Protein chains: 2
Amino acid sequence: MLNKQVTIKDLARKLRLSVSTVSRALRDVQDINPETKRQVLALAKELNYEPNFIARSLVNKQTKVIGVVLPVIAARYFANALSGMMEVADANGYHIMFCQSDESPEKEASNIKKLVSIRIDGLLVSVSKCTSDTEIFQKVQQRGIPVVFFDRALEHIDATKVTVNQHEGAFLAVEHLIRKGCTKIAHIAGPRHLSIAIDRMNGYLDALQKYNIPFNKEYLLHCEDFQYDAMEKIQALFNLEEKPDAIFTVNDSIAVLCIKYLKELGIRVPEDVAVVGYNNDPVSEVVWPALTTVMQPSFEVGKLATQLLIDEIEQKSTQHFHKVLSSELIVRSSS
Amino acid sequence: MLNKQVTIKDLARKLRLSVSTVSRALRDVQDINPETKRQVLALAKELNYEPNFIARSLVNKQTKVIGVVLPVIAARYFANALSGMMEVADANGYHIMFCQSDESPEKEASNIKKLVSIRIDGLLVSVSKCTSDTEIFQKVQQRGIPVVFFDRALEHIDATKVTVNQHEGAFLAVEHLIRKGCTKIAHIAGPRHLSIAIDRMNGYLDALQKYNIPFNKEYLLHCEDFQYDAMEKIQALFNLEEKPDAIFTVNDSIAVLCIKYLKELGIRVPEDVAVVGYNNDPVSEVVWPALTTVMQPSFEVGKLATQLLIDEIEQKSTQHFHKVLSSELIVRSSS
DNA sequence: CTGTTAGCGCTTTCAG
DNA sequence: CTGAAAGCGCTAACAG
């Protein structure tokens, strides 16, 4: 049943060669007789030889596995980023091993420790909402394992980062609302300590400023946890004297909640109030009216981050970059 | 910078012990002086020793990694199943390495080959829509690597399988429509060769039969690729003389399309036509009216499949099971 | 161009 | 209870 794996030794014996010669023949090294190489390769194929990664790792001190830690795989954005990573990893002979932090810094840390103990060659991470400590990442770097941050990066750490220009995406969204004639534009923002949320908020603020629209403090509300306190913020907005004529939200699920709430109130979207979300989540196509939103290049982020990480692993590059990718506004009927 | 990993040898030297004694102390083996063990453990902690998985794998001939191949990670169902897998794997000291087949049998096969060459200890797979050949899986088994199928399994292969009772889920959905008073119930089914789609269709048929509702051939339509040909089927349905008063669809995205189309036609949901989907996709909560749908226990599927696989790997069980889990009908306002 | 030797970090007989 | 020795499968000097 269990037909043992054929090893380099078996090949050597059958060919009356030494294992080192066989080893050389199997790889792309010079100093090998083409004819010998041919024979070895032929026999290897015939016997269905497969190099043993484990043994190779032990001597080379590199596993060809890249660790990935991200908040949650069930989010479309991260699933797409991961797909991009797998594509590039595959093309370069690397394997991906990923873990989710579930937005918990503790779980994030334990995942990282686990990956490091497996001897990953490099680490790709998108930090949890509450991560602020750089120490663990520095420890990884000190071990000689390159770290690349994607999407959500820590500010005060010297490492390569691939992020998306949140400010620009938000600016585009708000500019679009302004051009549609909206002047009382509210923003339901994300957590105050989360950099991507702050960037989006600043994009909102700067767009208002550029078009000389006075900023109304009452139109800016923060959801501290992205989701569960959203409804009360929305309600607060429509209890104001001066109701907004547009809402830009930090993500699509909040935008969808807005649309539902407005419908209940008999307020028309987009005629009375326009709504724009963020992320191009699948739900955005399905609500009615379909949601205008900002699409981030998640797949590209994954690909680029992985490529840069591999470059660092293979020492092709030694310095750190911060690449910032652009987003795209997708205009649908909610605005 | 690169502070070398401390090895078992370092511990041995400092403690003036032999490596084999240290090795024993580090593991749960008998034949070791408790005091010696204590010392070794203490020093190990102090020096931050971490056992080298790679070296251990090489001698033990087991990697503690489980390979997972699934169609696509961006689908909520699979993301959840994978989360369940990671939970159980983690709790048992295993790691997960996953690949997506993108519904291509070729990519599926190459992923499996890749995983096998990494020397995974076991394989978890949900086959692509078009996979029918059992050969590759048998080859994996012959290598002594246990295979467990989850969600989508191949029929003609002797292996442990964890699936969801599609027939029952569909039956529940249709029964619910019948109890609501619907009698002209249409079904937009999935591909004819895909077993889960066939099971759902049979659940539909059997529910009709049980309640003595005559089957109308015109009310049964197949989408051969799940998505892109859905719209024409829906239209066909409403070009019939005798229009249906309910539609049960093979998945939620088709159900959502139905709702949209019915709205355009000015047909009220659920008053004129009730709609029920399948999967409890996030979109089902967001459409209006919110979609009644069947929720599959994907997380549980992942957990159970992994537990059974680990049992097989560790020889706790040697025979194969086929576990079938139940689904739940989630009633919302579309029916 | 090829063989010999040593060794990666760990486990496992086999003696003591 | 502990140590010596061999070996997992492969790579990497170093001679020849």
Side-chain angles (χ1 to χ4, degrees), chain A residues 2-41 43-44 47-65 93 116-121 143-144, chain B residues 2-41 43-44 47-65 93 116-121 143-144:
Chain A
L2 215 160
N3 53 355
K4 281 181 61 179
Q5 270 309 111
V6 1
T7 75
I8 214 172
K9 239 184 202 164
D10 301 322
L11 301 182
R13 195 172 331 108
K14 293 226 180 191
L15 254 26
R16 304 179 164 283
L17 285 170
S18 72
V19 290
S20 47
T21 304
V22 175
S23 170
R24 277 185 291 250
L26 255 17
R27 289 167 297 149
D28 281 330
V29 287
Q30 61 301 8
D31 283 6
I32 179 79
N33 185 326
E35 172 56 14
T36 311
K37 179 162 182 165
R38 206 192 47 70
Q39 287 182 18
V40 173
L41 259 27
L43 184 64
L47 298 187
N48 213 345
Y49 166 82
E50 274 179 7
N52 186 324
F53 264 88
I54 304 290
R56 209 172 252 184
S57 297
L58 189 58
V59 10
N60 290 336
K61 277 144 173 21
Q62 45 149 303
T63 53
K64 288 282 181 183
V65 1
V116 167
S117 85
I118 297 177
R119 276 27 180 206
I120 52 172
D121 286 350
R143 283 230 190 173
Chain B
L2 214 160
N3 52 355
K4 280 180 60 179
Q5 270 309 109
V6 1
T7 75
I8 215 173
K9 239 186 203 163
D10 301 322
L11 300 182
R13 196 173 328 110
K14 293 226 181 191
L15 254 26
R16 305 179 161 284
L17 285 170
S18 73
V19 290
S20 44
T21 304
V22 174
S23 170
R24 275 186 290 250
L26 255 17
R27 287 168 300 148
D28 283 329
V29 287
Q30 63 299 10
D31 281 6
I32 180 81
N33 185 326
E35 172 56 15
T36 311
K37 179 160 183 167
R38 206 192 48 68
Q39 287 183 19
V40 172
L41 258 28
L43 185 65
L47 298 186
N48 213 343
Y49 166 80
E50 273 180 8
N52 186 324
F53 264 87
I54 304 290
R56 209 171 252 184
S57 298
L58 188 57
V59 13
N60 291 335
K61 279 150 174 15
Q62 46 149 300
T63 53
K64 289 280 180 185
V65 0
V116 167
S117 86
I118 296 177
R119 288 354 188 225
I120 52 172
D121 287 350
R143 282 229 189 174

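By convention in this document, chain letters (A, B, ...) are assigned in the order of the sequence lines, proteins followed by strands, and residues within each chain are numbered from 1. Just so it is clear, the structure is predicted and the values come from calculations on it, not from any experiment.
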Distance-only side-chain donor-acceptor flag, A:Ser23 / A:Ser20, under 3.5 Å: no

Quick check on C:dT2: is either OP1 or OP2 less than 4.0 Å from any side-chain nitrogen or oxygen of A:Thr36? yes

Look at the side chain of B:Asp10 and the backbone N and O of B:Thr7, then say whether any donor-acceptor pair between them is shorter than 3.5 Å. yes

A:Leu58 near the nucleic acid: base, sugar-phosphate alone, or nothing, with a heavy-atom cut-off under 4.0 Å? base

If we check side chain to side chain contact (heavy atoms under 4.5 Å, CB included) with B:Leu26, which of these qualifies: B:Ile32, B:Thr21, B:Ile8? B:Ile8

A:Lys61 has an atom NZ; how far is it from atom C1' of D:dA12, in whole Å? 13 Å

Does any N or O in the side chain of A:Ser57 come within less than 3.5 Å of the main-chain N or O of A:Phe53, such that one atom is a donor and the other an acceptor? yes

Between the protein and nucleotides 10-14 of chain C, which nitrogen or oxygen pairs come in under 3.5 angstrom?
residue: C:dC10; atom: OP1; partner: B:Tyr49; partner atom: OH; Å: 2.6
residue: C:dC10; atom: OP1; partner: B:Asn52; partner atom: N; Å: 3.3
residue: C:dC10; atom: OP2; partner: B:Ile8; partner atom: N; Å: 2.6
residue: C:dT11; atom: OP1; partner: B:Arg56; partner atom: NE; Å: 2.7
residue: C:dT11; atom: OP1; partner: B:Arg56; partner atom: NH2; Å: 3.3
residue: C:dT11; atom: OP2; partner: B:Ser23; partner atom: OG; Å: 2.7
residue: C:dT12; atom: OP2; partner: B:Arg27; partner atom: NH1; Å: 2.9

Using heavy atoms to find the nearest nucleotide of DNA chain D for A:Phe53 and B:Lys37 separately, return the residue whose nucleotide is more 5′. B:Lys37

Under 3.5 Å, is there a donor-acceptor pair linking the side chains of A:Arg143 and B:Gln5? yes

Base, sugar-phosphate, or nothing for B:Leu17, non-hydrogen atoms under 4.0 angstrom? sugar-phosphate

Distance check: side-chain N/O of A:Ser18 vs OP1/OP2 of C:dT2, anything under 4.0 Å? no

Here the distance between atom C1' of C:dC8 and atom CD1 of A:Ile54, to the nearest Å, is 13 Å

Mind calculating the distance between CD (B:Glu35) and P (D:dC1) to the nearest angstrom? 12 Å

For the side chain of B:Asp121 and the backbone of B:Gln62, is there at least one donor-acceptor N/O pair under 3.5 Å apart? no

Using whole Å, what does the distance between atom P of nucleotide C:dG3 and atom CZ of A:Arg16 come to? 12 Å

